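Reviewing the structure listed below.
Counting begins at 1 with the first residue of the sequence. What you see is a predicted model; the values in this text were computed from it and never measured.
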Amino acid sequence: MKSTGVVRRVDDLGRIVIPKEIRRTLRIRDGESLEIFVDSEMIALKKFSKMSDLEDVSKQLVDIIHHTVGKTVLITDRDKFIAGAGNFKKKYLEKNISKYLENVMKDRKSIVEFGVHDIDLTDNERDHLAYVIYPIIMNGDAIGLVMVISDKSDVGQLEEKLVNVIAQFLGKHVEE
């Protein structure tokens, strides 16, 4: 673990302020939950993701859907790609999602492009893909995305229905 060189005082209520630069770098938003870990004399903070409980289920789901439709299937939490299967899996897995995908999630809208179009899935790369993207909604909050992508114009209504079902399943599964 590397030091940032930043020192902060604890106030009389036990609070500390996480510097804006660190919040921006780690994509910590106002009101977001953090997990607290203690190890001997060290306190560590980690972004809390409701989707972390679903990583095993997500990995199984993307494998099943990929084998069914033969296209790349990806699942994100609010910040990064957490599960994937298919040709583009290695390209995206564990990378941060783009601002565009953050806005799709924030707006709680689904996006369907059966033909190949330009899209930014990560901030640093523009791809030419056909895609279906659905938000994962839990108790009214978007907590991630499910998507099927292809570099051919071969994404259709079957993939749209499957992505919708997966997003609804994951949202309900997290609520329980």
**Message:** Tell me the closest heavy-atom pair linking Gly115 and Ser153, and the distance in Å.
**Reply:** CA-OG, 3.6 Å

**Prompt:** Under the side-chain hydrogen bond (donor to acceptor under 3.5 Å, both in side chains) test, which residues partner Ser150, sequence neighbours left out?
**Reply:** Asp154

**Check: Gln168 side chain, Val165 main-chain N or O, donor-acceptor pair, under 3.5 Å** = no

**Message:** To the closest 0.5 Å, what do you measure between CD1 (Ile97) and NZ (Lys99)?
**Reply:** 9.0 Å

**Asked** What do the steps show when you test Val116 against Leu129 for side-chain contact (heavy atoms from CB on, under 4.5 Å), and what is the final call?
**Response** CA-CA 5 Å; Val116 176; Leu129 302 167; 5.5 Å; no

**Request:** Give the C-alpha distance, both sets of side-chain angles, the deciding distance and a yes or no for side-chain contact (heavy atoms from CB on, under 4.5 Å) between Leu145 and Leu101.
**Result:** CA-CA 8 Å; Leu145 297 167; Leu101 290 180; 3.8 Å; yes

**Request:** Ignoring hydrogens and angles, tell me if any N or O in the side chain of Asp120 forms a donor-acceptor pair with the backbone of Asp123 under 3.5 Å.
**Result:** no

**Asked** Can you get from Val38 to Val10 by hopping between Ile, Leu, Val, Met, Phe, Trp and Tyr side chains that sit under 4.5 Å apart?
**Response** no

**Message:** According to a hydrophobic-cluster definition based on side-chain heavy atoms being under 4.5 Å apart (Ile, Leu, Val, Met, Phe, Trp, Tyr only), do Leu93 and Ile65 belong together?
**Reply:** no

**Request:** Check whether any side-chain heavy atom of Val73 lies under 4.5 Å from a side-chain heavy atom of Leu162, and answer yes or no.
**Result:** no

**Prompt:** Nearest 0.5 Å, what's the CZ-OG distance between Arg126 and Ser98?
**Reply:** 9.5 Å

**Prompt:** So, do Val132 and Ile111 sit near enough that their side-chain heavy atoms are less than 4.5 Å apart?
**Reply:** no

**Prompt:** Would you say the side chain of Leu121 lies within less than 4.5 Å of the side chain of Met147, judging by non-hydrogen atoms?
**Reply:** yes

**Prompt:** CD1/Ile166 to NZ/Lys161 distance, rounded to the nearest 0.5 angstrom?
**Reply:** 14.5 Å

**Request:** State yes or no: do Met138 and Val163 share one hydrophobic cluster built from I, L, V, M, F, W and Y residues joined by side-chain heavy-atom distances below 4.5 Å, directly or via other members?
**Result:** yes

**Request:** Hey, could you give me the OG1/CD1 distance between Thr76 and Ile143, rounded to the nearest 0.5 Å?
**Result:** 9.5 Å

**Message:** Taking the side chain as everything from C-beta on, heavy atoms only, tell me whether Arg108 gets closer than 4.5 Å to Tyr134.
**Reply:** no

**side-chain hydrogen bond (donor to acceptor under 3.5 Å, both in side chains) partners of Glu41, counting only residues at least two apart** = none

**Prompt:** Would a distance-only check, ignoring hydrogens and angles, find a side-chain to backbone donor-acceptor pair under 3.5 Å from Asp77 to Lys80?
**Reply:** yes

**Asked** Taking side chain as C-beta onward, heavy atoms only, is Leu74 less than 4.5 Å from Ile149?
**Response** yes

**Message:** Restricting to non-hydrogen atoms, name the atom on Val62 and the atom on Lys59 that form the minimum distance, rounded to 0.1 Å.
**Reply:** CG2-O, 3.2 Å

**Message:** Strictly distance-based, threshold 3.5 Å: is any side-chain N or O of Thr72 a donor or acceptor partner for the main-chain N or O of Phe88?
**Reply:** yes

**Item:** Side chains of Asn96 and Thr122 in contact at under 4.5 Å (non-hydrogen atoms)
**Value:** no

**Asked** If you measure from CG on Leu45 to CG on Leu34, what distance do you get to the nearest 0.5 Å?
**Response** 5.5 Å

**Prompt:** Measuring from Phe81:CZ to Ser58:OG, what's the distance to the nearest 0.5 Å?
**Reply:** 13.5 Å

**Asked** Minimum heavy-atom separation for His66 to Gly86, with atom names?
**Response** CE1-CA, 3.3 Å

**Prompt:** Between Pro135 and Lys106, is any pair of side-chain heavy atoms under 4.5 Å apart?
**Reply:** no

**Request:** Could you pull out the closest heavy-atom pair between Ile136 and Gly171, with the gap in Å?
**Result:** CG2-N, 3.5 Å

**Request:** Give the cluster check for Val17 versus Ile36: same hydrophobic cluster or not, with ILVMFWY residues linked at side-chain heavy-atom distances below 4.5 Å.
**Result:** no

**Item:** Residues, nucleotides or ligands: over 12 heavy atoms within 6.0 Å of Arg9 CZ
**Value:** no

**Message:** Applying side-chain hydrogen bond (donor to acceptor under 3.5 Å, both in side chains), can you list everything that pairs with Glu125, at least two apart in sequence or on another chain?
**Reply:** Lys91, Lys95

**Asked** In terms of hydrophobic clusters joined by side-chain contacts under 4.5 Å, are Val112 and Leu158 together?
**Response** yes

**Prompt:** Is it true that the side chains of Glu160 and Asn164 contain a donor and an acceptor less than 3.5 Å apart?
**Reply:** no

**Message:** Does atom CD (Gln157) have a neighbourhood of more than 12 heavy atoms from anything else shown, all under 6.0 Å?
**Reply:** no

**Any His117 side-chain heavy atom under 4.5 Å of Tyr131 side chain** = yes

**Prompt:** How far apart are the closest heavy atoms of Val155 and Glu159, and which atoms are they?
**Reply:** C-OE1, 3.8 Å

